[in-house]
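We count ligands from 1, going down the list as the structure has it; atoms in each ligand are counted the same way. Computed from a predicted structure; not experimentally measured.
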Amino acid sequence: MKKMIFTFFLLFLGSLLPQTIFSPNGNLSLSFNLTAEGKLFYQLSFKGKQIIKPSALGIMLKDAPSFDKNFEIIKVDTQTFDESWNPVWGEVKTIKNYYKQLRITLAQKNISDRTFVLTFRVFDDGLGFRYEFPASKAFQYFIVSDELTEFRMAGNHKAFWIPGDFDTNEYEYTTSTLSEINATAGKYAAELSAHAPIGVSAVQTPLMMKTADSIYINIHEAALVNYPAMDLILNKETLTFNAALVDDPLGNKAYLQTPAKTPWRTIVVSDRAVDILASKLILNLNEPNAIGNTEWIKPQKYIGVWWEMHVGYGTWNYADTTNLKLKDTDWNNLKPNGKHSANTARVKRYIDFAAEHGFPGVLVEGWDIGWEDWWGKWKEEVFDFVTPYPDFDVQELKRYAASKNVKLIMHHETSASATNYERRMDEAFRFMKENGYDAVKTGYVGRIIPRGEHHDGQWMVNHYIHVAEKTAQNKIMLDAHEPVRPTGLHRTYPNWLACEAARGNEYNAWSIGNAPEHETILPFTRLMGGPMDYTPGIFEIKMSYYDKNKKERVHTTLAKQLALYLTMYSPLQMAADLPESYEKYLDAFQFIEDVAVDWDDSKYLLAEPGDYLAVARKAKGKDDWFVGAITDENARTLNIPLSFLDDNTDYIATIYADAPDADWDKNPMAYVILKKMVGSKASLKLSLAPGGGTAVSFKKATEEEMQNLK
Ligand code: NOJ
Ligand code: CA
């Protein structure tokens with residue numbers, strides 16, 4: 001279904017300004033204006049309240065006149081667009097893409113033969129806008145040196161932020177007012193050696209804010225293609241965020257050729273926190289599927305030879321020898337350290353577990369030569385992506401996995417040497433296809449090569465997309481770790497199932513970890529751009545289990561780890577703990593076995609960033625519903641009306657809850673499981689322990705089950 005209504009005005013300089021358009025429901029209004037010097041401004045209101053005060057727009061160029069002033073309007077188009085589309089996989093079956101558009105074509109006094117276009121789209125849940133540079137004989141190649149985009153906030157809002165950084169988003173969040181933002185002090189000061197915040201008042205997007213009168217505002221971007229990511233630098237006097245684009249080694253931001261366009265800048269707005277989580281604005285601003293047939297793409301749960309290395313039970317490397325060169329080393333004759341996890345027997349153990357519990361995928365890290373000195377070297381050639389260690393039998397594992405109807409998931413740690421990966425990629429994907437792999441987890445730990453490039457700069461943005469395209473051509477599903485933060489490109493490349501791009505569960509294994517509130521913030525921040533490979537499902541909460549001297553631990557209860565399968569949406573979900581951990585708690589593991597990863601519907605029930613979140617989801621093509629509810633460090637009781645269930649139908653609810661005395665700190669592994677018959681008129685009262693959560697599965701009850709439960 002597609003409806004479009006066009007209107008078109010030819011304007012005489014200065015007439016009909018400002019230009020204002022409203023969202024389809026009338027709640028949001030966007031106005032565009034020009035100053036006397038021909039500078040560009042926009043502002044945004046929600047239900048009559050200013051959300052973005054008049055804020056500048058424009059693009060600065062190197063070696064050419066900038067798109068900053070002396071503008072005159074040449075043309076104004078407005079359009080109403082209304083269509084529904086079906087994602088290949090997702091939180092819901094159908095997405096409505098309904099907006100009003102204002103497109104303004106501009107020229108500049110004394111600069112002939114080039115134009116500049118501003119496109120605004122106002123949805124019921126927010127605004128997207130972008131810059132376009134139309135084709136022109138006189139203006140073809142240009143370099144962006146800065147972006148003038150501002151977001152002038154209307155108050156000293158509460159913000160949920162991480163420091164601006166060109167290379168990593170693996171930070172803990174801070175909640176503070178805007179004027180209190182300090183990205184280099186406090187907990188960030190301790191991590192300065194590992195991270196490089198770009199400024200005291202610089203933050204990353206997605207940036208979540210809440211106003212004093214409880215309006216929720218989220219700033220991010222959509223469709224980041226051939227352009228650097230945008231960080232934000234706050235001017236605390238005016239409470240204005242200025243776009244800060246990621247540098248290249250020469251200090252330039254983007255190299256473009258007309259016709260060209262920037263990513264969309266997005267502002268999602270609502271007076272209900274749950275609407276922010278349910279927003280599909282960023283997906284709607286991305287281009288439709290560009291990879292053709294998608295039948296081979298399978299949302300899935302997986303296990304992996306992974307956590308056991310993070311907890312120090314095994315190693316990625318086969319030997320403890322260091323200072324090795326990829327080509328000069330006799331990899332078959334290194335002295336094994338006896339702790340190499342990715343050995344044939346151990347991988348078979350995981351394959352057996354996957355087969356027994358219905359997991360289609362088994363990730364194996366540390367299977368390929370190079371891990372002896374991969375870390376922190378800034379070295380061009382660490383891995384070749386095709387040579388296994390001598391104790392990893394590719395052929396035998398191919399046979400064994402196939403015999404158990406399980407697929408191995410490939411791991412390509414690039415050590416951030418993107419050049420090396422690009423040179424070897426064709427061979428690496430051929431090797432995968434030959435050996436039965438149809439999904440790859442990539443990784444970019446370390447400093448980027450080409451040297452001087454950043455994880456979030458234009459060069460790397462294009463690299464990640466190149467990998468998405470190449471994997472699609474080879475019918476390979478993709479999960480990228482340490483990429484630039486997602487911006488909804490999974491609509492265009494549905495084989496790109498997930499990314500990490502934030503501080504994952506792994507931090508709990510070897511650092512101070514993630515505070516109990518972390519998972520209540522991520523859905524409002526990182527997940528706005530797309531699914532996260534957070535790797536939930538850690539049952540053995542304290543790392544002292546592996547080594548009594550270890551203080552590291554997961555900062556949740558066990559039941560909350562189950563709830564994360566709902567609250568951290570991803571079509572690719574790991575059951576991250578060891579098979580041995582799950583075998584001790586098979587009754588709780590049953591939830592991970594049962595939970596779906598692809599959905600016909602999702603209903604965000606209750607949420608407050610930094611505090612709590614509850615969501616109900618209906619499994620794709622099935623009648624089963626699941627609920628996940630989590631809290632921060634505070635215990636809470638959440639009342640969940642079950643009106644999402646079919647009327648006049650009995651369901652068996654299996655509730656995986658924190659035990660009454662559970663507490664993330666003092667008693668994290670105490671859980672209870674109970675079964676109950678419920679219907680759409682009932683409510684569930686969920687008692688969440690401090691740092692806790694509840695997971696519930698709902699199945700339509702059979703006659704026999706109803707009798708048994710009575
Ligand atoms: C960091 C990734 O996030 C993690 O999942 C992976 O195991 C290591 N890098 C090694 O590649
Ligand atoms: Ca990581």
Side-chain angles (χ1 to χ4, degrees), residues 162 165 167-172 191 194-195 204 302-318 339-342 346-347 350 361-377 379 382-385 389 392 408-418 420-421 428 439-448 455-456 460 464 467 478-486 497-514 518 522 526-527 531-538 543 552 554 568 570 572-578:
I162 55 174
D165 191 310
D167 280 292
T168 182
N169 12 58
E170 298 187 1
Y171 283 101
E172 276 198 281
E191 295 193 345
H195 294 143
Q204 295 192 39
Y302 70 103
I303 59 167
V305 180
W306 181 75
W307 185 250
E308 61 176 74
M309 288 90 91
H310 284 270
V311 301
Y313 176 83
T315 60
W316 282 268
N317 43 300
Y318 171 78
K339 288 184 71 185
H340 181 228
S341 285
R346 185 72 181 141
V347 175
Y350 279 80
V362 175
L363 168 74
V364 185
E365 295 199 1
W367 68 278
D368 54 340
I369 57 170
W371 289 90
E372 279 64 22
D373 51 359
W374 74 286
W375 202 79
K377 304 288 192 299
K379 183 165 136 176
V382 178
F383 298 104
D384 72 0
F385 314 104
Y389 281 121
F392 182 87
L408 291 176
I409 298 177
M410 176 51 73
H411 183 227
H412 290 160
E413 174 54 67
T414 68
S415 67
S417 180
N420 182 46
Y421 192 38
V440 63
K441 168 180 170 179
T442 58
Y444 297 87
V445 172
R447 282 185 287 171
I448 296 292
H455 283 74
D456 300 348
M460 284 303 290
Y464 308 122
V467 176
L478 173 64
D479 168 24
H481 277 231
E482 297 88 31
V484 67
R485 47 200 171 274
L497 292 182
C499 293
E500 186 192 41
R503 194 169 165 112
N505 221 2
E506 65 187 24
Y507 272 75
N508 286 313
W510 36 254
S511 79
I512 57 163
N514 304 336
H518 190 62
L522 281 171
R526 160 65 183 78
L527 271 73
M532 175 170 180
D533 187 24
Y534 187 69
T535 68
I538 300 304
M543 300 312 122
E552 291 81 7
V554 173
M568 295 283 225
S570 177
L572 185 73
Q573 289 281 26
M574 187 173 205
D577 214 329
L578 278 56

Taking only residues two or more places apart in sequence, or in another chain, which ones meet Arg503 in a salt bridge (charged side-chain N to carboxylate O under 4.0 Å, His left out)?
-> Glu191
Who pairs with Asp456 by salt bridge (charged side-chain N to carboxylate O under 4.0 Å, His left out), at least two apart in sequence or on another chain?
-> Arg485
So, for [X] and [Y], is the gap between ring centers shorter than 6.0 Å?
X	Y	result
Tyr318	Phe392	no
Tyr389	His340	yes
Phe383	Trp371	yes

Output, or 'none' if empty, a list of ligand 1-protein atom pairs in which both atoms are N or O and the distance is under 3.5 Å, rounded to 0.1 Å.
from: ligand 1; atom 1: 3 (O); to: His481; atom 2: ND1; distance (Å): 2.8
from: ligand 1; atom 1: 3 (O); to: Glu482; atom 2: OE2; distance (Å): 3.1
from: ligand 1; atom 1: 3 (O); to: Glu500; atom 2: OE1; distance (Å): 3.3
from: ligand 1; atom 1: 3 (O); to: Glu500; atom 2: OE2; distance (Å): 3.0
from: ligand 1; atom 1: 3 (O); to: Glu506; atom 2: OE1; distance (Å): 2.9
from: ligand 1; atom 1: 3 (O); to: Glu506; atom 2: OE2; distance (Å): 3.1
from: ligand 1; atom 1: 5 (O); to: Trp306; atom 2: NE1; distance (Å): 3.0
from: ligand 1; atom 1: 5 (O); to: Lys441; atom 2: NZ; distance (Å): 2.6
from: ligand 1; atom 1: 5 (O); to: His481; atom 2: ND1; distance (Å): 3.4
from: ligand 1; atom 1: 5 (O); to: Glu506; atom 2: OE1; distance (Å): 3.2
from: ligand 1; atom 1: 7 (O); to: Trp306; atom 2: NE1; distance (Å): 2.9
from: ligand 1; atom 1: 7 (O); to: His310; atom 2: NE2; distance (Å): 2.9
from: ligand 1; atom 1: 7 (O); to: Glu365; atom 2: OE1; distance (Å): 2.5
from: ligand 1; atom 1: 7 (O); to: Glu365; atom 2: OE2; distance (Å): 3.3
from: ligand 1; atom 1: 11 (O); to: Glu413; atom 2: OE1; distance (Å): 2.6

Does the Trp510 side chain pair with the main chain of Glu552, one donor and one acceptor, at a distance under 3.5 Å?
-> no
Counting distance only, does the side-chain N/O of Tyr444 pair as donor-acceptor with the main-chain N or O of Met460 below 3.5 Å?
->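 Absent.
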Return yes when atom CH2 of Trp375 has more than 12 non-hydrogen atoms of other residues, nucleotides or ligands closer than 6.0 Å, and no otherwise.
-> no
Enter the distance from Trp306:CH2 to Lys441:NZ here, rounded to the nearest 0.5 Å.
-> 5.5 Å
What's the count of protein N, O or S atoms under 3.0 Å from the Ca ion (ligand 2)?
->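 Protein N, O or S neighbours of the Ca ion (ligand 2) under 3.0 Å, waters not counted, come to 5.
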